[in-house]
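Notes to accompany the following structure.
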Protein chains: 2
Amino acid sequence: MTIRVLIVDDHEVVRQGLRFVLEQEEGIEVAGESGDGAAALHAVRGLRPDVVLLDLVMPVMDGLAVLERLRGQAERPAVIVLTSFQEEDRVVEAVRLGALSYLSKTTAVDRVVAAVRAAARGGSVLEPGIAALLLGQVRQGGRPRPLDLLTPRERQVLSALARGRSNSEIARDLRMGRETVKTHVSSILAKLGVADRTQAAIFALQQGLVPLDEALG
Amino acid sequence: MTIRVLIVDDHEVVRQGLRFVLEQEEGIEVAGESGDGAAALHAVRGLRPDVVLLDLVMPVMDGLAVLERLRGQAERPAVIVLTSFQEEDRVVEAVRLGALSYLSKTTAVDRVVAAVRAAARGGSVLEPGIAALLLGQVRQGGRPRPLDLLTPRERQVLSALARGRSNSEIARDLRMGRETVKTHVSSILAKLGVADRTQAAIFALQQGLVPLDEALG
DNA sequence: CTTTTGCTCCCCCTACGGGGGGAGGAAGAA
DNA sequence: TTCTTCCTCCCCCCGTAGGGGGAGCAAAAG
């Protein structure tokens, strides 16, 4: 009984590399390839693979969206997330959405093969660093998204901050004292776990609190 | 007369993929692989390849450093830069240092093959987006985009700034004094016409100097 | 009712950020 | 050659930013 694998990555060279590696293996068969998330969902329905090797960073529909759509489906395949750089928050998110393994593309190919075989029987292969990270996260219960921790007023301040406004300007905009703005900013920094206002602004933009193209007046 | 290619990339799957693709081709031979810049330089001397496929982002010694060392050598190979994401400043820098082609890993594999064949006879294959960017750099048609006003070093600083790094961190990252960073930041603010570092970061993210999802580590 | 949460503002204090100016060296252009 | 650009680092100066507290007050939650 061969393990049928679907490879999802927007880089063709990566797909070719994985295909090449996997086809060397006994009992593993590459059922297909997809270049983006939408195509991947279609391929999953059509090909019914046992294992999906899924890249997180992709155009059109990224890996997390694919995982979300896959979750709750009846015969869903085992998913191994395979990404270029370890992005902490995404790791946790991906595992929460049902990814079995999380490998960096810098890992040796035999680990990829091992992960595929493990995934086919429902097991996980995690890199040491990733495993430690997950343990730390799980211990704190799920993860409330940082933006939800903010009070309404703080979100307003963060929003102005992400538009590049200074504390004094924010004070005028929102009709409050400069000191009050500072208080809000401090608690924002603490709640988001960032070091300064620039990082807070970047975070807000990433979260879509403010559309990037509206950020500067 | 076969074209002998050296593959340089820190990701083993990428190396495997490229090797697989290139070895399918008539008249192209993979002479070797290297996982970092230092090894690549050694391999160039030992193997004397005709073409080097070079990844820019690597540990130990990155692609730009390799290009720099290669420049001015007698029988230097043709270099094709192949990287995951288009980083504007690096593109220009790489071409200036003698790279013949600059391809994104998202390109179809036949373009990689075409680039290798072109490079072997001294030609270039550029992606449309990259080509447009270079044209904008070389001949200043249209209004000069503010980013083009920045010196290479300033772009590096802005890039770090847009990742949320502080002046001291940037100093460590780019190996210079904190005072020097401040000098660069000041001229960046002046050239971009913004008030502070947060606005500069937002601007850089809008311009795509740093992909939004890579901005915070 | 009390307690908690959120908003407001105050203080002190340190450090980082940014303006302004100066200056040396390396590299390239005129 | 000289001139210019760029990178490097220095100084002083001061405003802002951010940490750490404290505190009053209203609304909601217990």
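Chain identifiers are assigned alphabetically (A, B, ...) following the order of the sequence lines, protein sequences preceding nucleic acid strands; residue numbering begins at 1 within each chain.
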Report task. Find which nucleotide of DNA chain D each of T151(B) and D196(B) is nearest to by heavy atoms, and output the residue with the more 5' nucleotide. Result -> T151(B)

Query - From L189(B) atom CG to D196(B) atom CG, the distance as rounded to the nearest 0.5 Å - result: 7.5 Å

Requested in this report: Return the value, rounded to whole Å, for the distance between atom CD of Q156(A) and atom P of dC7(C).
Outcome: 8 Å

Report summary line: Within residues 169-182 of chain A, the residues having a heavy atom closer than 4.0 Å to DNA chain D are R178(A), K182(A)

Query - Q199(A) (side chain) donor-acceptor with A195(A) (main chain) under 3.5 angstrom - result: yes

Query raised in the report: So, is R197(B) close to the dG17(C) phosphate, meaning a side-chain N or O under 4.0 Å from OP1 or OP2?
Result: yes

Query raised in the report: side-chain contact (heavy atoms from CB on, under 4.5 Å) with R153(B): which residues, sequence neighbours excluded?
Result: T151(B), Q156(B), L174(B), M176(B), H184(B)

Report task. Taking only the side-chain nitrogens and oxygens of H184(B), find out if one of them lies under 4.0 Å from OP1 or OP2 of dC9(D). Result -> no

Report summary line: Axis-to-axis angle across the helix from dC1(C)-dG30(D) to dA30(C)-dT1(D), five pairs each end, nearest 10 degrees, ~ 40°

Query raised in the report: Does D50(B) use its side chain to pair, donor to acceptor, with the backbone of R4(B) at less than 3.5 Å?
Result: yes

Query raised in the report: Taking CG from L149(A) and C1' from dG6(C), how many angstroms apart are they, rounded to a whole number?
Result: 14 Å

Requested in this report: Verify the distance criterion only: is there a donor paired with an acceptor across the side chains of R163(A) and S159(A) at less than 3.5 Å?
Outcome: yes

Report task. Could you run through nucleotides 22-30 of chain D and give me one letter per nucleotide, 5' to 3': B if any protein heavy atom sits under 4.0 Å from the base, S if only the sugar-phosphate is that close, - if neither? Result -> ---------

Query raised in the report: How long is the line joining CG of L189(A) and C1' of dC16(C), in whole Å?
Result: 14 Å

**Report entry** Which residues share a side-chain contact (heavy atoms from CB on, under 4.5 Å) with I80(B), sequence neighbours left out
**Finding:** V51(B), L53(B), S101(B), L103(B), A115(B), V116(B), A119(B)

Query raised in the report: According to a strict under-4.0 Å criterion, is N167(A) in side-chain N/O contact with OP1 or OP2 of dT16(D)?
Result: no

Requested in this report: Could you check how far NZ of K191(A) sits from P of dG18(D), rounded to whole Å?
Outcome: 17 Å

Query raised in the report: Between S168(B) and R172(B), is any side-chain donor less than 3.5 angstrom from a side-chain acceptor?
Result: no

Query raised in the report: For the pair made of CZ in R153(B) and P in dA27(C), what is the distance, rounded to whole Å?
Result: 15 Å

Query raised in the report: Any donor and acceptor pair, going by atom type alone, linking the side chain of N167(A) with main-chain N or O of I170(A) inside 3.5 Å?
Result: no

Report task. Any chance you could measure E154(A), atom CD, to K191(A), atom NZ, to the nearest 0.5 Å? Result -> 3.5 Å

Query raised in the report: For residues 13-59 of chain B, which residue pairs qualify under ring pair (Phe, Tyr, Trp, His ring centres under 6.0 Å), counting only residues two or more places apart or in two chains?
Result: F20(A)-F20(B)

Report task. Please assess L54(B) against L82(B) for the test side chain to side chain contact (heavy atoms under 4.5 Å, CB included), listing each intermediate value before the final yes or no. Result -> CA-CA 6 Å; L54(B) 182 65; L82(B) 189 67; over 6 Å; no

Query raised in the report: If only side-chain N and O atoms of S166(B) are considered, is one of them under 4.0 Å from the OP1 or OP2 phosphate oxygen of dC16(C)?
Result: no

